[in-house]
Chemist: 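What follows is a single structure, and I will ask about it in a moment.
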Amino acid sequence: MADWKQVAARLFPDVTRTPDDLEALYPPRALAEGARVTRIAPSPTGYLHLGVFFTALVNRLTASTTNGVFYFRLEDTDKKREVEGGADDILKGFNDYGLTIDEGFVAPGVVHGDYAPYQQSQRVDLYHVYVKSLVEQGLAYPCFCSEEERQQAREAQEAAKCRTGYYGPYAKCRALTPDEALARIDAGTPCVVRLRSGGDESRRIAFTDLIKGKIEMPENDEDLVLLKSDGVPTYHFAHAVDDHLMRTTHVIRGDEWISSVPKHLELFRVLGFKPPKYAHVAPLMKEDGGGKRKLSKRKDPEAAMHYYASEGYPADSVLEYLFTVVNSDFEDWRRCNPDANRAAFPFNFKKMSVSGALFDLAKLSDVSKNVIARMTADEVTDAVLAWAKDYDPTFYETLAADPAFARGIFAIDRGGAKPRKDMAKWSDAPDYAAYFFDGGMDDGWELPEHLKAADAVAVLQAYKVAYDPAADKDAWFAAVKALCEPFGFCPDVKEYKKHPDDFKGHVGDVSTILRLAVTGRRNTPDLCAIMQLLGKDRVIARIDRAIQNLSE
RNA sequence: GGCCCGAUGGUCAAGCGGUUAAGACACCGCCCUUUCACGGCGGUAUCACGGGUUCGAGUCCCGUUCGGGUCACCA
């Protein structure tokens with residue numbers, strides 16, 4: 001009569017270490033009381049998803065605010081879904097947004113830390129040590145069921161209207177004796193290793209989620225797969241082993257995991273590990289036909305962090321917005337600390353939303369406008385240039401041809417106490433700056449309805465005479481004002497409002513005529529500054545063209 | 001369908017048994033203003049529904065409805 005020890009030995013002939021050995025190899029961390037160890041553990045299945053980034057941010061904040069450690073572990077146990085270079089994309093994304101990683105994979109090609117390896121595909125020996133031990137104890141067993149068999153069992157369960165899954169009486173291989181198991185291993189039948197669950201579906205297990213509060217669920221009674229037939233662990237098992245061995249104190253992850261917590265708790269129990277604290281983060285949602293749904297990697301371009309770079313949202317804007325979603329009191333804090341570094345924000349689980357928040361691009365825009373409004377002309381120019389180089393080569397050429405002129409464009413109305421908020425993202429820049437370039441001005445503009453072309457022509461002709469390219473802002477305005485009365489416009493807006501019928505319009509209308517002639521638009525920054533930047537020749541040429549257009 | 005979570009304006013949300021139910025975005029109006037902006041002030045608009053408990057319920061309990069998540073050798 002064989003026993004489970006023999007089965008374990010047959011299953012894992014190369015495993016010589018014991019759980020105690022590993023315990024010694026990866027000792028508890030020497031950290032101060034209260035320091036939290038957190039991690040992000042993405043799988044390299046493609047580009048960096050906004051949701052992953054968001055979760056990483058919460059992990060980062062949790063570690064930072066407690067002087068703990070935030071590490072990056074690669075969950076590359078699913079070779080089928082793996083994407084070449086996926087890990088580097090994710091890491092690069094973190095780096096781009098200034099999200100620093102303390103340990104594990106910290107940058108593309110850079111890994112360090114005392115709890116290595118940080119890549120699950122390189123940790124299989126470790127997992128096997130524990131599985132072997134569980135099999136020896138009779139707490140896990142090999143299962144030889146084929147996909148077809150499981151499928152059939154499932155259909156039978158559905159027909160009988162009972163819970164589907166591999167548990168209790170439906171766990172066929174659970175009944176195998178060590179001898180039977182040995183025979184099938186020797187016959188070369190592929191197998192997985194399953195947990196022999198001691199759970200009871202009718203009992204309930206309670207735990208406290210740091211975000212959602214107390215949660216109660218039926219115990220797990222499923223004989224979940226620990227090791228797949230290729231010897232690689234499932235997420236559940238890897239989670240228990242890795243987070244224990246890496247001494248994670250707080251597991252912060254997407255709330256799609258919440259229903260697996262009973263499984264995880266059972267695993268920690270049978271392995272003799274102290275379970276971590278859990279915090280399950282609600283997903284970012286998107287409005288979709290009246291309802292809302294989780295941001296989808298496939299359907300929604302804004303689910304990719306890359307989207308924000310290509311649209312030209314400054315990293316700072318994205319972060320600033322994400323913080324408003326992370327903690328509901330962030331905006332209050334920001335109002336009180338307008339210049340403070342976000343790292344100083346006192347992050348708190350209790351201020352996190354329990355249910356999914358709609359990702360609001362309009363709000364992002366507003367936040368971003370404020371961020372950009374605080375930047376200097378040089379910063380804006382550099383950022384626009386950097387963005388254009390990658391995403392709008394034509395615009396880049398245009399700007400790069402005359403950097404000083406480019407800088408001049410973005411310097412207008414910037415830096416004062418009342419900054420303009422014209423741009424929410426760098427991709428707004430080409431349109432914003434279009435009329436500064438001769439080919440970019442739209443000549444198809446029309447006068448506001450209450451103004452007559454003849455009056456406009458008269459104003460423009462007079463302005464040509466009065467125009468002084470060297471005039472400062474006051475002189476410039478005086479010249480505009482002087483144009484009013486001769487042509488029936490009121491130089492004083494208040495006065496005009498008292499007697500609107502006495503005038504053709506007010507000084508604002510005169511400005512509008514000039515603005516349209518020079519820029520082709522009704523909305524622009526300070527006209528005086530624009531004209532100075534444009535220079536005399538261009539201004540005169542444009543006024544002439546306007547006069548001609550209006551005269552036709 | 002089973003299990004779990006949730007529900008305050010169009011959106012993000014504060015609220016922890018007694019409030020005129022904060023604030024932000026968006027929208028609208030007014031003011032300021034050389035134009036355009038910025039800014040300031042104001043406005044429209046919310047406690048999903050039904051039962052309890054209570055002197056009193058957005059807040060506590062139970063149902064209903066709706067929304068989300070999850071039920072793999074994926075994570």
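The sequence lines fix the lettering, A, B, ..., with proteins before strands; numbering per chain opens at 1.
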Chemist: If I pick the P atom on B/C16 and the same atom on B/C74, what distance separates them, to the nearest angstrom?
Modeler: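 Per the computed distance, 47 Å lies between those P atoms.
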Chemist: Return the value, rounded to whole Å, for the distance between atom CD of A/Gln120 and atom P of B/C74.
Modeler: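 To the nearest whole Å, that distance equals 12 Å.
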Chemist: Looking only at atom C1', what distance separates B/C28 and B/A21, rounded to whole Å?
Modeler: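 Taking atom C1' in both B/C28 and B/A21, they lie 22 Å apart.
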Chemist: Only pairs with both distances under 3.5 Å count, Watson-Crick or wobble alike; so what is the partner of B/C36 in this structure?
Modeler: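 Paired with no nucleotide.
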Chemist: To the nearest Å, give me how far apart NE2 (A/His264) and P (B/C71) are.
Modeler: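 Going from NE2 in A/His264 over to P in B/C71 covers 11 Å.
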Chemist: Apply side-chain contact (heavy atoms from CB on, under 4.5 Å) to A/Asp492 and A/His506, showing your working.
Modeler: CA-CA 7 Å; A/Asp492 186 297; A/His506 59 79; over 6 Å; no
Chemist: With rounding to whole Å, what would you report as the distance between B/U11 and B/C49 at their P atoms?
Modeler: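 15 Å, rounded to whole Å.
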Chemist: What's A/Cys145 touching, base or sugar-phosphate or nothing? Going by heavy atoms closer than 4.0 Å.
Modeler: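 Base, at least one base heavy atom under 4.0 Å.
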Chemist: Walk me through it: do A/Arg253 and A/His239 pass the test side-chain contact (heavy atoms from CB on, under 4.5 Å)?
Modeler: CA-CA 11 Å; A/Arg253 70 242 292 189; A/His239 155 53; 3.5 Å; yes
Chemist: Starting at atom NZ of A/Lys481, determine the distance to atom C1' of B/U33, rounded to an integer number of angstrom.
Modeler: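 Rounding to the nearest Å, NZ of A/Lys481 and C1' of B/U33 are 11 Å apart.
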Chemist: Ignoring the backbone of A/Met285, work out which of B/C36, B/G68, B/U34 is nearest its side chain.
Modeler: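 The nucleotide sitting nearest to the side chain is B/G68.
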Chemist: Taking only the side-chain nitrogens and oxygens of A/Arg154, find out if one of them lies under 4.0 Å from OP1 or OP2 of B/C71.
Modeler: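 Result: no.
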Chemist: Can you figure out which of B/C36, B/U34, B/A75 approaches the side chain of A/Asn523 most closely?
Modeler: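 Of the candidates, B/C36 comes closest.
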Chemist: State whether A/Asp209 and A/Lys277 are salt-bridged, where the test is any N-O pair (Lys NZ or Arg NE/NH1/NH2 against Asp/Glu carboxylate O) under 4.0 Å.
Modeler: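 No, this pair does not count.
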Chemist: Do the side-chain N or O atoms of A/Lys421 get closer than 4.0 angstrom to the phosphate oxygens (OP1, OP2) of B/G39?
Modeler: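 Affirmative; the distance criterion is met.
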Chemist: Just by distance, do the side chain of A/Thr189 and the backbone of A/Arg184 share a donor-acceptor pair under 3.5 Å?
Modeler: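 A pair under 3.5 Å: yes.
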Chemist: Touch check for A/Asp230, heavy atoms < 4.0 angstrom, all strands: base, sugar-phosphate only, or nothing?
Modeler: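 No contact.
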Chemist: What I want to find out is whether A/Asp255 reaches A/Lys212 closely enough, with some N-O distance under 4.0 Å, to be called a salt bridge.
Modeler: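 A salt bridge links A/Asp255 with A/Lys212.
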Chemist: How would you label the contact of A/Ser328 with the nucleic acid (heavy atoms, under 4.0 Å): base, sugar-phosphate, or nothing?
Modeler: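 The residue A/Ser328 makes sugar-phosphate contact but no base contact.
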Chemist: Report which part of the nucleic acid A/Lys473 touches: base, sugar-phosphate, or nothing (heavy-atom distance under 4.0 Å, all strands).
Modeler: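 Counting heavy atoms under 4.0 Å across all strands, the contact made by A/Lys473 includes a base.
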Chemist: With distance as the sole test, does A/Arg334 use its side chain to make a donor-acceptor pair with the main-chain N or O of A/Asn337 at under 3.5 Å?
Modeler: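 Yes, because the side chain of A/Arg334 sits within donor-acceptor range (under 3.5 Å) of the backbone of A/Asn337.
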Chemist: Indicate, with a heavy-atom threshold strictly under 4.0 Å, whether A/Arg150 touches base, sugar-phosphate, or nothing.
Modeler: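 Base, at least one base atom sits under 4.0 Å.
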Chemist: Both A/Cys143 and A/Asp413 contact RNA chain B. Taking the nearest nucleotide for each, which residue is further toward the 5' end?
Modeler: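 Upstream on the strand: A/Asp413.
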Chemist: Whole angstroms only, please: what is the CZ-P distance between A/Phe323 and B/A13?
Modeler: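 Atom CZ in A/Phe323 sits about 16 Å away from atom P in B/A13.
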Chemist: What integer distance in Å separates A/Tyr167:OH from B/A72:C1'?
Modeler: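 Value for this atom pair: 16 Å.
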Chemist: Would you indicate which nucleotide in B/U70, B/A26, B/G68 comes nearest to any side-chain atom of A/Asp366?
Modeler: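 Side chain of A/Asp366 sits closest to B/A26.
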Chemist: Using purine N1 to pyrimidine N3 plus N6-O4 or O6-N4 for Watson-Crick, or N1-O2 and O6-N3 for G-U wobble, each under 3.5 Å, what pairs with B/A24?
Modeler: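 B/A24 is paired, partner B/U11.
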Chemist: Name the closest nucleotide to the A/Val192 side chain, picking from B/U34, B/A37, B/C73.
Modeler: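 It is B/C73.
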Chemist: Could you tell me whether A/Asp366 and A/Lys369 have a side-chain N and a carboxylate O separated by less than 4.0 Å?
Modeler: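 Looking at A/Lys369 together with A/Asp366, the answer is no, because their closest N to O distance does not fall below 4.0 Å.
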Chemist: Return the value, rounded to whole Å, for the distance between atom CG of A/Asp255 and atom C1' of B/U70.
Modeler: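 To the nearest whole Å, that distance equals 10 Å.
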Chemist: Could you encode protein contacts along nucleotides 3-12 of chain B as a string, one character per nucleotide from 5' to 3', using B for base contact, S for sugar-phosphate-only contact and - for no contact, with a heavy-atom cut-off of under 4.0 Å?
Modeler: SS-S----SS
Chemist: With a 4.0 Å cut-off on heavy atoms, is A/Lys351 in touch with a base, just the backbone sugar-phosphate, or nothing at all?
Modeler: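 Answer is sugar-phosphate: A/Lys351 comes under 4.0 Å of backbone atoms only.
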Chemist: Using purine N1 to pyrimidine N3 plus N6-O4 or O6-N4 for Watson-Crick, or N1-O2 and O6-N3 for G-U wobble, both under 3.5 Å, which nucleotide pairs with B/C60?
Modeler: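 In the structure as shown, B/C60 has B/G52 as its Watson-Crick or wobble partner.
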Chemist: Determine which nucleotide pairs with B/G17, using a 3.5 Å limit on both distances of a Watson-Crick or G-U wobble pair.
Modeler: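 Looking at the geometry, B/G17 pairs with no nucleotide.
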Chemist: Say you pick atom P in B/G56 and the same atom in B/C38; how far apart are they, in whole Å?
Modeler: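 It comes out at 50 Å once rounded to the nearest Å.
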Chemist: Nearest-nucleotide wise, let me know which of A/Asn370 and A/Asp332 is further upstream toward the 5' end of RNA chain B.
Modeler: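 Its nucleotide being nearer the 5' end, the pick is A/Asp332.
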Chemist: May I ask you to evaluate whether A/Lys369 reaches the phosphate of B/C38, defined as a side-chain N or O under 4.0 Å from OP1 or OP2?
Modeler: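 Answer no for this pair, as no side-chain N or O of A/Lys369 is under 4.0 Å from OP1 or OP2.
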Chemist: How far does the P atom of B/G23 sit from the matching atom of B/C3, given to the nearest Å?
Modeler: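 Per the computed distance, 42 Å lies between those P atoms.
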Chemist: Provide, to the nearest angstrom, the distance between the CE atom belonging to A/Met352 and the P atom belonging to B/A14.
Modeler: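 For the pair A/Met352 CE and B/A14 P, the rounded distance is 12 Å.
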Chemist: Whole-Å distance between B/C71 C1' and A/Gln157 CD?
Modeler: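 From A/Gln157 CD to B/C71 C1': 12 Å.
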Chemist: Which heavy atom of A/Ser197 sits nearest to which heavy atom of A/Asp221, and what is that distance?
Modeler: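 Closest heavy-atom pair between A/Ser197 and A/Asp221: OG-CA, 3.2 Å.
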Chemist: Let's test this: given Watson-Crick or G-U wobble pairing with both distances under 3.5 Å, identify the partner of B/G29.
Modeler: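 Its partner is B/C41 (Watson-Crick or G-U wobble, both distances under 3.5 Å).
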Chemist: Tell me which nucleotide, if any, is Watson-Crick or G-U wobble paired with B/G6 when both distances must be under 3.5 Å.
Modeler: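 Check on B/G6: paired to B/C66, both distances under 3.5 Å.
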Chemist: Looking across every strand, which nucleic acid part, if any, lies under 4.0 Å from A/Arg194 by heavy atom: base, sugar-phosphate, or nothing?
Modeler: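 Sugar-phosphate only.
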Chemist: What integer number of Å spans the C1' atoms of B/U64 and B/C25?
Modeler: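 Comparing C1' positions in B/U64 and B/C25 gives a spacing of 33 Å.
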Chemist: Does A/Arg174 make a cation-pi contact with A/Tyr141, if we ask for NZ or CZ under 6.0 Å from the ring centre and within 45° of the axis?
Modeler: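 Not flagged: A/Arg174 not positioned over aromatic ring of A/Tyr141.
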Chemist: Any idea which heavy atoms bring A/Tyr127 and A/Ala238 closest together, and the distance?
Modeler: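 Closest approach of A/Tyr127 to A/Ala238: CE2-CA, 3.8 Å.
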Chemist: Applying a 4.0 Å non-hydrogen cut-off, can you work out what A/Thr512 is touching in the nucleic acid: base, sugar-phosphate, or nothing?
Modeler: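 Sugar-phosphate contact only - A/Thr512 comes under 4.0 Å of backbone atoms but never of a base.
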Chemist: Work out how far the P atom of B/G67 is from that of B/A57, and round it to whole angstrom.
Modeler: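 Pairwise P distance, B/G67 against B/A57, rounds to 30 Å.
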Chemist: For A/Leu516, is there any backbone N or O sitting under 3.5 Å from a side-chain donor or acceptor partner on A/Thr519?
Modeler: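 Looks like no, no N/O pair under 3.5 Å.
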Chemist: Closer than 4.0 Å, any side-chain N/O of A/Arg163 to the OP1 or OP2 of B/C71?
Modeler: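 Answer no for this pair, as no side-chain N or O of A/Arg163 is under 4.0 Å from OP1 or OP2.
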Chemist: With rounding to whole Å, what would you report as the distance between B/G9 and B/G58 at their P atoms?
Modeler: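 Approximately 15 Å lies between the P atom of B/G9 and that of B/G58.
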Chemist: In the structure shown, which nucleotide is the Watson-Crick or G-U wobble counterpart of B/C74, with both distances under 3.5 Å?
Modeler: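 Across any shown strand, B/C74 pairs with none.
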